[in-house]
Amino acid sequence: MSDLTSKTRFEPAEAEPRIMERWLASGLFHVEPQGTAAENYSIAIPPPNVTGALHMGHALNGSVQDVLIRHHRMRDRRSEWILGTDHAGIATQKQVERRLLDRGTTREAIGREAFVEEVWKWRKEFGGQIIEQFKRLGASCDYDRERFTLDESYHRAVMKVFVDLYDEGLIYRDHYMVNWDPGSRSAISDLEVEDREVTDTLYSIAYPLADGSGEVVVATVRPETMLADTAVAVNPADERHAHLIGRTAILPLVGRELPIIADDYVKTDFGTGCLKITPGHDPNDFEIGRRHGLQEIGVIGEDGRMTQDAGAYAGMTVAAAQEAVVAALREQGLLRAEEPYTHTVPVSHRSGERIEPLISLQWFMNMDGLAPPAIEAVTSGRVRIHPESQARRYVDWLESIRPWCISRQLWWGHQLPVWYRGEETYVGLEEPGGEGWERDPDVLDTWFSSALWPFATLGWPDDTPELRAFYPTDVLSTARDILFLWVARMVMMGLRFAGDVPFSDVYVHSVIQAPDGRRMSKSLGTGIDPLDEIDRHGADAVRFGLLAMSSTQDVRYSPEKVEQGQALANKLFNATRFVLLNVDPDAPAGPRPTTVEDRWILSRLQRIIADTHRRLDEFDFAKAALGLYDFVYGELCDWYLELVKGRAFDADLSATLLHVLRETLALAHPFIPFVTEELWDSMPRAEGLLAGARAPVPEAALLDEAAEARIAAVIGAVTAVRSWRSVAGVPPGARLPARLSAAGYEDTAPLVARLARLQLEAGTAHEPAATIPVPGGAVELLASDVVDPEAEARKRDARRHELEAEVARAEGRLANAGFVAKAPADLVDAEREKLERLRAELAAL
RNA sequence: GGGCGGUUAGCUCAGCUGGUCAGAGCGCCUGCCUUACAAGCAGGAGGUCCCCGGUUCGAGCCCGGGACCGCCCACCA
């Protein structure tokens with residue numbers, strides 16, 4: 001425990017590790033599986049990649065989830081934050097491959113079994129990193145129940161799902177066009193592909209007609225793929241080319257006869273209006289090919305080199321083949337045009353290499369039957385997505401869902417439970433009996449296993465106490481970019497296999513951009529490491545800052561918000577110092593209000609408690625965090641603590657102060673857990689951890705509107721007098737004789753006098769030297785020596801002009817028949833009152 | 001090509017179902033070591049709420065058009 005009497009600053013670097021230790025030792029974060037999911041509160045963490053390091057997105061998402069978990073834990077719900085990591089097939093495999101390369105070997109050289117062993121070793125060595133980093137943030141995950149998507153029991157769940165879906169015919173094997181990632185030497189799904197703009201050369205190539213009557217000219221940026229052309233297509237409505245339909249062209253360099261077909265896909269206003277059709281290497285051509293029953297030829301292999309079907313070009317890299325093909329065409333005089341052409345090309349999200357569309361034999365999952373229930377879950381409100389706009393994206397995507405390519409040509413992951421023997425295929429949980437079976441070497445898309453996360457982590461397919469206690473979970477908090485990759489698939493799988501939606505609320509958080517608005521990324525050098533920020537400002541500050549930044553849209557990282565959080569932590573630290581250095585530690589528990597300011601702060605406290613609860617329920621974290629800041633600064637410290645300074649710290653005041661402070665610490669704890677835990681521990685008769693204490697609950701009996709109005713007037717009056725003094729240049733320490741000619745200060749005049757440094761006098765013996773308007777009347781200054789009559793006259797004039805303008809505006813409004821007739825009556829009345837008030841003040845001048 | 005979001009103080013952002021809504025934090029200026037906090041306190045200056053029309057008694061707020069910025073989806077070889 002740090003020494004409250006000597007230190008004036010909260011020191012996160014010293015306190016945080018010590019406090020985290022206490023939390024972990026307490027076992028608070030681990031709960032036993034009892035009761036039902038409806039009674040309990042649970043969140044399944046989006047499992048970070050086991051290779052990962054904490055980035056800003058994790059930090060924001062961790063803050064969001066932790067504020068929710070801690071809040072509900074303090075509201076006496078058995079709260080479980082399910083923790084774990086994802087095996088992240090491609091990312092992890094690449095990392096280990098790089099390591100092997102450093103050692104001068106490759107995965108091919110050591111073989112599959114040894115390679116997988118290497119990955120496990122790697123995981124053992126580095127896999128705990130991100131978990132430790134979550135602890136730095138103060139995340140109250142259940143660290144005793146850490147899961148991994150390749151755990152034995154998790155693997156069983158994945159296998160069962162695969163086999164069940166296969167048995168139903170929803171998982172099948174097919175020759176199909178896939179996004180081939182030459183970087184990872186694997187097929188990847190559409191969602192793992194991103195577009196990048198490049199400038200290529202658009203070549204126009206002449207294909208002679210078979211009957212020698214002419215030629216068709218086609219345009220392409222991939223001339224090497226012409227070796228796999230099996231047709232030429234024109235639009236049936238294109239009169240220029242109508243005569244070609246049904247005739248035959250000869251493929252240069254190869255000599256193959258190409259039928260000229262008609263298809264609506266061909267644009268008449270692009271290029272020459274004639275399109276070479278390469279079903280083997282273009283997704284659109286593939287579709288056209290299937291429509292017309294065209295031959296599918298592959299000239300580019302999975303190794304990125306030309307295949308035997310490429311004839312003379314076999315063995316060349318794609319780039320070399322392109323050069324060679326262009327050279328040959330030029331030589332034969334068939335190149336009609338070359339022009340630079342800027343367009344977007346698909347690139348692998350993981351490896352960064354350009355996608356090579358090609359046909360291969362892959363495993364697919366038919367989504368047609370799974371999507372409708374997942375759509376219904378959202379449209380019916382069983383799953384609520386926040387913000388609403390994301391729900392539309394979700395539904396739109398599911399409504400046009402396509403088969404999902406689930407096989408990956410990797411070694412790290414869940415290997416398919418599929419065996420082949422000749423023409424036979426066996427799919428099952430156990431290896432088939434008999435001789436000669438060979439297992440499919442492919443593994444499943446990582447997202448296939450992630451889709452089972454909320455229930456596979458809880459022991460499914462067994463009927464476990466964990467599953468009964470925590471499934472469905474309550475909230476899934478995540479980034480927008482994996483709404484389809486992950487969230488939608490969890491809903492589909494949860495409904496199909498766990499019998500219910502996996503969560504009732506999805507919170508889609510902001511993407512944090514760099515302060516200059518660019519993407520935060522390592523390669524751009526725009527990344528900000530949350531751990532550096534924690535080192536600098538403390539975890540509380542970073543959590544507060546991120547929550548205060550969060551929004552329904554993307555936001556720029558705001559260092560100021562983090563500093564605001566740090567200021568808040570420090571303010572609470574010093575406010576607690578002040579209270580503890582003054583109060584009677586033996587004061588009774590509970591509030592003992594004896595004055596109007598006591599009733600005021602207790603009333604304001606009830607409001608901030610209710611507001612904070614409501615804002616958390618609405619996932620409005622920014623308002624919740626900033627509202628707390630405003631309460632602590634703008635009400636508790638700036639006013640209440642200043643108001644009580646003139647009083648004796650008796651048992652009643654001590655009790656009230658301690659009560660307000662305790663409640664404030666407890667309310668703020670889910671947002672800034674470290675500093676509040678530290679201060680809680682220093683409170684008189686502190687018992688147990690704040691993390692395990694009860695959240696404050698608003699009490700209607702403590703609301704006091706009269707007290708709120710009285711103190712609002714005090715604040716208004718003090719502020720007005722201070723402003724006058726400051727502008728007039730009165731020495732801050734000087735006590736000015738004054739008369740308070742205003743209503744509503746019966747029991748608060750001494751407070752105004754002290755905070756505004758006034759010597760209040762009664763009677764009307766003296767003429768005021770200056771008049772300061774305050775709520776309910778005016779403060780009349782009687783000390784002529786501090787008043788500059790000319791300045792006062794100028795101010796009066798300025799004020800008079802202001803009032804005249806406002807009176808004119810109010811009169812104008814009230815003279816407007818439309819306003820009086822159509823505006824709500826109370827508004828019109830308020831306007832009339834305002835006019836009267838303004839006229840009275842004007843008259844007083 | 002289709003869809004979504006944004007444009008408010010020097011900076012980053014709040015502004016709920018149109019009526020004290022023109023705000024906060026930071027920055028800036030002035031003054032204070034006032035017995036919790038100088039990483040503090042008090043006070044102050046700063047805005048044609050992107051532009052043009054419209055609806056309304058009344059418009060950052062609603063409608064139409066435009067400009068600029070960002071994101072998502074689908075993609076013309």
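When reading the values below, keep in mind they use all heavy atoms of this one structure, side chains included, and skip hydrogens, waters and symmetry mates. Values in this document were obtained by computation on a predicted structure and should not be read as measured data. Here is how names work: the chains are called A, B, and so on, in the same order as the sequence lines, proteins then strands, and each is numbered from 1.
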Taking the side chain of [X] as its heavy atoms from C-beta onward, which of [options] lies nearest to it?
| X | options | result |
| --- | --- | --- |
| A:Arg577 | B:A77, B:G31, B:A36 | B:A36 |
| A:Lys267 | B:A39, B:A77, B:A36 | B:A77 |
| A:Arg392 | B:A77, B:G31, B:C4 | B:C4 |
| A:Leu202 | B:A36, B:A77, B:G43 | B:A77 |

Quiz item: [X] side-chain donor-acceptor pair to [N] base, under 3.5 Å:
| X | N | value |
| --- | --- | --- |
| A:Asp481 | B:C72 | no |
| A:Glu642 | B:A36 | yes |
| A:Thr344 | B:C75 | yes |

Under 4.0 Å between a side-chain N or O of [X] and OP1 or OP2 of [N]?
| X | N | result |
| --- | --- | --- |
| A:Tyr341 | B:A77 | yes |
| A:Lys645 | B:U34 | no |
| A:Ser726 | B:U30 | no |

inquiry  = Strictly by Watson-Crick or wobble contacts shorter than 3.5 Å, is anything paired with B:U30, and which nucleotide is it?
reply    =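 Its partner is B:A42 (Watson-Crick or G-U wobble, both distances under 3.5 Å).
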request  = Based on the glycosidic angle (syn within 90° of 0, else anti), state the conformation of B:G27.
outcome  =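 That one's anti.
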key: Assigned glycosidic conformation for B:G25 [threshold 90° from 0]   =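 You should classify B:G25 as anti.
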message = Taking any heavy-atom pair under 4.0 Å as a contact, classify A:Gln566: base, sugar-phosphate, or nothing.
response =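 Here A:Gln566 touches the bases of the nucleic acid.
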key: Between P of B:C37 and CG of A:Leu679, the distance in whole Å   =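 Rounded to the whole Å, the gap is 15 Å.
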ask   = Quick one: does NZ or CZ of A:Lys267 land under 6.0 Å from the six-membered ring centre of A:Tyr265, within 45 degrees of the ring axis?
value =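 Yes, a cation-pi geometry.
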